[in-house]
There are 2 protein chains.
Amino acid sequence: MRDLSKASGMSLAGLYYYFESKERLLFLIQKHTFTTVVQRLKKRLAGVTDPEQRIRIFILNHLEYFLANPAAMKVLSHEAEALKNGFASEVAAIKREYYRICVGLMDELKRERRLEFSTRIAVLSLFGMMNWIYTWHNPRVDADAEQIAQEMGDIFLRGMMNSTRR
Amino acid sequence: MRDLSKASGMSLAGLYYYFESKERLLFLIQKHTFTTVVQRLKKRLAGVTDPEQRIRIFILNHLEYFLANPAAMKVLSHEAEALKNGFASEVAAIKREYYRICVGLMDELKRERRLEFSTRIAVLSLFGMMNWIYTWHNPRVDADAEQIAQEMGDIFLRGMMNSTRR
DNA sequence: CGATAATTCGAACGTTCGTTAGAATTAGTA
DNA sequence: TACTAATTCTAACGAACGTTCGAATTATCG
């Protein structure tokens, strides 16, 4: 909180005028971030029907947001388990919705292409690829979100496509 | 440190008889873990020449160790940036060696199969898939290391294989 | 046995942390 | 202008933290 006070220019006590506790502030950050990402995703998915294209939109939306907000990504990754019961469950609900959207996209792909693979492992592997980026991405060295989304999409989708057909 | 004292049954001051500081203890954990993983990997790779098989060994070795030592994995992931200059650089050196081994495996695959893809993105995506597992793996629900290594290997290797050929 | 070394501990140290009381200041309104 | 409400601050509280001091205990060995 003292760091935030310095960075924001407001006094330590001043922060508590706007946020009743450090935990509630963390909760608001997490909630706002996930809500924003889900909202943007839904807008972008509207109207697109091709399953592969929809998964590519999912990846691009995710990477674009988090490469533009690396600090937020770090907070979400590092403080994922820091909230207590009340706050935790509300954030968990949004996360679950986001996860379920991705599961849905994966199932669409499986149905259309008659593929056979574990949706759970596929989705969590994809999240891993995308989320780990906060540990290594350097904007001075690495490509931008669009290009990385392309490459990760290539890797992941080819990985799905050639799975055993029913 | 007070938690460790409780968990180990030794008094708080007693811990400082064996570890001169909390940071040095963290350093020793990180160093020991990475060293062990690299050692085991080298042993398993010895004698195997097929590039695909070698990457599968890499994945299995990684997942087997970290699913057997989830607490260690959490420490490595969460406290990756917690060490200061001296300690940090020594751990960074071992991590770099581990990373470079994986880069080597990827280049072998590219050469043998005449593939074209970004080694950096491939390696970091693979690490992402594997390392993210500490956030979701539940031994009561999820498969064991061998099976997950098989599935992630399938996803990743198919993703590499069909990349544009030279 | 006695003496030295190795081990373990209770109790505290100084610092940092999250938080708050209460005063000072500013903005809004009549 | 004078009064109220909103905002911001200084200064501190109590708890938790990493660490250390010096005494107590235990092991080692002549």
Side-chain angles (χ1 to χ4, degrees), chain A residues 1-37 65-66 69-96 131 134-135, chain B residues 1-37 65-66 69-96 131 134-135:
Chain A
M1 296 302 281
R2 281 165 175 85
D3 287 348
L4 294 180
S5 131
K6 261 177 207 157
S8 67
M10 168 160 285
S11 75
L12 181 58
L15 282 181
Y16 281 88
Y17 180 74
Y18 292 100
F19 307 104
E20 74 189 55
S21 71
K22 180 184 156 185
E23 192 185 13
R24 176 154 174 83
L25 174 53
L26 173 60
F27 163 76
L28 289 172
I29 293 172
Q30 295 199 7
K31 181 177 170 175
H32 171 263
T33 306
F34 278 120
T35 304
T36 306
V37 171
Y65 186 86
F66 286 116
N69 302 278
M73 188 176 208
K74 207 164 188 174
V75 169
L76 295 200
S77 299
H78 254 71
E79 313 300 329
E81 300 178 5
L83 298 177
K84 291 218 194 290
N85 299 337
F87 291 143
S89 58
E90 191 169 338
V91 171
I94 314 177
K95 275 161 108 164
R96 201 172 310 119
N131 289 339
Y134 89 95
T135 68
Chain B
M1 295 303 278
R2 281 165 174 84
D3 287 348
L4 294 180
S5 129
K6 262 177 206 156
S8 66
M10 169 160 282
S11 75
L12 181 58
L15 281 181
Y16 281 86
Y17 180 74
Y18 293 99
F19 306 103
E20 74 191 56
S21 70
K22 180 184 157 184
E23 192 185 14
R24 176 153 175 84
L25 175 53
L26 174 59
F27 163 75
L28 289 172
I29 293 171
Q30 295 198 7
K31 181 176 169 177
H32 171 264
T33 305
F34 278 120
T35 303
T36 305
V37 170
Y65 186 87
F66 286 117
N69 303 277
M73 188 175 207
K74 207 164 189 174
V75 169
L76 295 200
S77 299
H78 253 72
E79 313 300 329
E81 299 179 7
L83 298 177
K84 291 216 194 296
N85 300 338
F87 290 143
S89 58
E90 191 170 337
V91 172
I94 313 178
K95 273 161 111 165
R96 201 173 311 118
N131 289 340
Y134 89 95
T135 67

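Chain identifiers are assigned alphabetically (A, B, ...) following the order of the sequence lines, protein sequences preceding nucleic acid strands; residue numbering begins at 1 within each chain. These figures come from a predicted structure and were not determined experimentally.
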Legend entry - DNA chain D: 5'-proximal contact among A/G9 and B/E23 (nearest heavy atom): A/G9

Legend entry - Spacing between A/L12 atom CG and C/dT20 atom P, to the nearest angstrom: 11 Å

Inset, instruction - Quickly work out the A/R24 CZ to C/dG18 P distance and round it to whole Å. - result: 18 Å

Legend entry - Separation between CD1 of B/I94 and OG1 of B/T33, rounded to the nearest 0.5 Å: 9.5 Å

Inset, instruction - Find the distance B/L4:CG to C/dC9:P and express it as a whole number of Å. - result: 14 Å

Inset, instruction - Could you tell me the separation between the OH atom of B/Y65 and the CZ atom of B/F34, rounded to the nearest 0.5 Å? - result: 10.0 Å

Inset, instruction - Give, for atom CD of B/E23 and atom CG of B/L28, the distance between the pair rounded to the nearest 0.5 Å. - result: 11.0 Å

Legend entry - For chain A, the stretch of DNA chain D it reaches, first to last nucleotide, under 4.0 Å of its heavy atoms: D/dA6 to D/dA12

Distances for protein N or O near nucleotides 5-7 of chain C N or O, under 3.5 Å:
residue, atom, partner, partner atom, Å
C/dT7, OP2, B/Y17, OH, 2.6

Under 3.5 Å, sequence neighbours excluded: what are the donor-acceptor pairs made by side chains of residues 1-17 of chain B?
residue, atom, partner, partner atom, Å
B/S5, OG, B/M10, O, 3.1
B/S8, OG, B/L4, O, 2.8
B/S8, OG, B/S5, O, 3.3
B/S8, OG, B/M10, N, 3.3
B/S11, OG, B/G14, N, 3.0

Inset, instruction - Can you measure from CG (A/L25) to CD (A/Q30) and round to the nearest 0.5 angstrom? - result: 10.5 Å

Inset, instruction - Report yes if the side chains of B/Y134 and B/K74 come closer than 4.5 Å at any heavy-atom pair, otherwise no. - result: yes

Legend entry - Value in whole Å for how far the P atom of C/dT19 lies from CD of A/E20: 9 Å

Legend entry - Spatial distance of atom NZ (B/K95) from atom CG (B/L76) [nearest 0.5 Å]: 7.5 Å

Inset, instruction - Report the nucleotide, chosen from C/dA21, C/dG10, C/dC17, that has the shortest atom-to-atom distance to any side-chain atom of A/A13. - result: C/dA21

Inset, instruction - Nearest 0.5 Å please: distance from the CD atom of B/E81 over to the NE2 atom of A/H78. - result: 6.5 Å

